[in-house]
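One structure is given below, encoded as structure tokens.
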2 protein chains.
Amino acid sequence: MVAVDRAVARVLVIEDTEEISDLLQAVLEAAGMEVVLAATGPDGLAAARESRPDVVILDLNLPGLDGVEVCRELRTTSDAYVLMLTARTDEIDRVVGLTVGADDYVTKPFSPREVQARVQALLRRPRGLVALGAPAAVPPGADSAAGIRRVSERVALDAEARRVIVAGAPVTLTRIEFDLLDAVSENPRRVLSRSQLRDRVWGGDWLADDHAVDVHMSNLRRKLRAAGGGDVVATVRGVGYRMGDEPGARG
Amino acid sequence: MVAVDRAVARVLVIEDTEEISDLLQAVLEAAGMEVVLAATGPDGLAAARESRPDVVILDLNLPGLDGVEVCRELRTTSDAYVLMLTARTDEIDRVVGLTVGADDYVTKPFSPREVQARVQALLRRPRGLVALGAPAAVPPGADSAAGIRRVSERVALDAEARRVIVAGAPVTLTRIEFDLLDAVSENPRRVLSRSQLRDRVWGGDWLADDHAVDVHMSNLRRKLRAAGGGDVVATVRGVGYRMGDEPGARG
DNA sequence: GTTGTTCCTCAAGACATCGTCAAGATCCCG
DNA sequence: CGGGATCTTGACGATGTCTTGAGGAACAAC
């Protein structure tokens, strides 16, 4: 067995700007983590193979090899979580929505404390989900208190930012549409009745028609389909809704 | 029956990735369970014989011996419940629907809480009846939300997702058909009268003909037979319906 | 073997559910 | 206060599902 049994978490930082990497090293080591540094993409990949980190902090704008490429490589050779550093907000969608995406991101300028918190959140997530060559880093239904939840192969949901990215591009959802997708994707195995969804999305005290759930679900599906997300929500006729792409009513 | 009288529940984890097994060990021990680890299929089988666990957590993708093979072996040498870890959603149906299938499943990445909850749900299920393919008896009113219910050799039922898997493939049932199968399979030894089934499936206030039960039962049988599930429901002439394939034995 | 009962199966019409569209009401932001 | 987005509600069609009835098969009793 090659896996190293270690007490402290190991973090690999792939970052070309020395000020940033130094800062991160100081912060993470102060938090009791072991830090490995790399300045370029190829160096980072080699370091990942060698030191087997638990989390990789990866700058998107690396000279030479693109950060996205590095991330994709990392996915096939390591099971570490990837925390992406991005300079501009509009880069995030590309990183998050790709099939081989990051597990979380931080935009520059960032506070060291925030990076530390997010790394620790990633460390709390269960390990071992990347079976070498598997396309999706996070299969549907990941229970993530922090970061990004991958709803389906091409649909990712950022609960914190209340944003949904489909095939690399953000999709504008209304409040109710987002809450519906959030509710359904949070427990992907369960069939949620209209009443349950209504309670969850609208709040307990509400006398409205359950039919409203239908309409919003229809709008949600239309938007996701138009964005190339495929079928995300399945109808269970006579009961409610559930995650999945099986068209027919099961049960 | 070699029921071991012990205070704490014992869980065997068969998993080759050390990170996952470590995580599971930590979570389950924190929940007050005794944990035994094994990294390979043969080791796991030996450990199961030796330590007689109550629940086995089994990775589907083990190197060498396949997880399905390990599961089949476990069934003949142990009466433990099997919780399967699968990486991808579409593997589930195969694992769950097979003759020797898992009792529940969790998809990676899993939340530690979920694994703990599902293990405890399995521990609440009655012991000693599951071995050798016999359907597990869940007394009425028991925690029915727990895991997969094996209806017959080739038919499995996921109450939470309202899904029925026959011979490794999902089968589309209508609401009433599913509820009928659910009712009959929930207490497999009992003969349920048409009135009982009607109350259970339709709800108390209903004036319809009992004949409707016949028709839906007929449709249910046809679908299960067509999917290769064999005869699942038996008629007890003059009384009602019961699980099993024996035609008309009076109960 | 005959008879009456019970059950299965088939088919067709009645019914319910769901998806979608559109119009009006409401909320929110400037 | 005005304009735009968003939500609700109603209507309608398509599709799926349920019920009902009838014919016939299996079964038990005689």
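Reminder, nothing fancy here: chain letters follow the sequence lines and each chain counts from 1.
R221(B) places a side-chain N or O within 3.5 Å of a backbone atom of V233(B) that can act as its donor or acceptor partner. Using modelled atom types, one side-chain atom of S185(B) and one backbone atom of L181(B) make a donor-acceptor pair closer than 3.5 Å. Judged purely by atom type and a 3.5 angstrom limit, K223(B) has no side-chain atom pairing as donor or acceptor with the backbone of V171(B).
Remark: D182(B) engages R200(B) in a salt bridge, criterion side-chain N to carboxylate O under 4.0 Å. Residues D158(B) and R189(A) are paired through a salt bridge, judged by an N-O separation under 4.0 Å between the basic side chain and the carboxylate.
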Please tabulate, one pair per line, each protein N/O and nucleotide N/O from nucleotides 7-10 of chain C that are separated by under 3.5 Å, including the distance.
unit_1, atom_1, unit_2, atom_2, d
dC7(C), OP1, R194(B), NH2, 2.9
dC7(C), OP1, G238(B), N, 2.7
dC7(C), OP2, R194(B), NH2, 3.3
dC7(C), O5', R194(B), NH2, 3.3
dC8(C), OP1, R221(B), NH2, 2.3
dC8(C), OP1, T235(B), OG1, 2.3
dC8(C), OP2, Y241(B), OH, 2.7
dT9(C), OP2, S218(B), OG, 2.9
dT9(C), O4, H211(B), NE2, 3.3

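Atom CG of D210(A) and atom P of dT9(D) are 11 Å apart (whole Å). When rounded to the nearest whole Å, the span between CG of L180(B) and P of dT19(D) equals 10 Å. Look at CD1 on I176(B): it is 17 Å from P on dG16(D), rounded to the nearest Å. Atom pair L220(B):CG and dC18(D):P shows a separation of 12 Å (rounding to whole Å applied).
The environment of R190(A) atom CZ is sparse: at most 12 non-hydrogen atoms of other residues, nucleotides or ligands sit within 6.0 angstrom.
Axis deviation across the helix from dG1(C)-dC30(D) to dG30(C)-dC1(D) amounts to 50°, comparing end segments of five pairs, rounded to 10 degrees.
For the OP1/OP2 pair of dT8(D) and a distance below 4.0 Å, the side-chain nitrogens and oxygens of H216(A) include at least one atom meeting the criterion. Considering only side-chain N and O atoms, W202(A) lies under 4.0 angstrom from the phosphate OP1 or OP2 of dT8(D).
Annotation: side chain of L83(B) is not in contact with side chain of V56(B) (no heavy-atom distance under 4.5 Å).
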Determine, stepwise, if the pair D179(B) / R162(B) fulfils salt bridge (charged side-chain N to carboxylate O under 4.0 Å, His left out).
CA-CA 9 Å; D179(B) 285 339; R162(B) 292 185 70 88; 3.1 Å; yes

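Where L173(A) and K223(B) meet DNA chain D, the nucleotide closest to each residue was compared, and L173(A) sits on the side nearer the 5' end.
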